[in-house]
Amino acid sequence: MEPIFEGKKLELHYQNVGDEKARRQSLNNLKKKAKNEDIVTFGQLMGNLAPEDEAINAVVTVEKQRFDI
């Protein structure tokens, strides 16, 4: 049974100074064929634009697939 692509999103995980829990920012509608190198480059760019007291710790992709039974 072949999976059916439904969507892909990107999560940027920020670490706030003094906070134990990282802050997350989600960006929906990521292209299905987005390359890992492009995703990392985008995360680095967002890190450069982030406030000085926040740093991006990780960039996570979440892909949603459906299996018809």
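This is a predicted model, so every value here is computed, not measured.
Using a 4.5 Å heavy-atom cutoff, the side chains of Lys32 and Lys8 are not in contact. Side-chain contact between His13 and Gln15 is absent, with no heavy-atom pair separated by less than 4.5 Å. Put simply, the side chain of Phe5 does not reach to within 4.5 Å of the side chain of Lys33, judged on heavy atoms. Residues Glu54 and Arg23 meet the side-chain proximity criterion, which asks for heavy atoms closer than 4.5 Å.
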Steps toward side chain to side chain contact (heavy atoms under 4.5 Å, CB included) verdict (Val60, Leu10): CA-CA 6 Å; Val60 178; Leu10 180 71; over 6 Å; no
Starting from the C-alpha separation in whole Å, work towards a yes-or-no answer on side chain to side chain contact (heavy atoms under 4.5 Å, CB included) for Tyr14 and Met46. CA-CA 10 Å; Tyr14 295 86; Met46 292 298 290; 4.2 Å; yes
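Going from atom NZ of Lys35 over to atom OG1 of Thr41 covers 11.0 Å, rounded to the nearest 0.5 Å. The distance from atom CG of Leu12 to atom CG of Asn57, rounded to the nearest 0.5 Å, is 11.0 Å. In this structure, Ile56 CD1 and Leu49 CG are separated by 8.5 Å, a value rounded to the nearest 0.5 Å.
Residue Asn48 places its CG atom among more than 12 non-hydrogen atoms of other residues, nucleotides or ligands, all under 6.0 Å distant.
With hydrophobic clusters built from ILVMFWY side chains whose heavy atoms lie under 4.5 angstrom apart, Leu27 shares a cluster with Ile39.
Applying the side chain to side chain donor-acceptor pair (under 3.5 Å) test to residues at least two apart or on different chains, the pairs with a partner in residues 59-69 are Glu6-Arg66, Glu63-Gln65, Arg66-Asp68.
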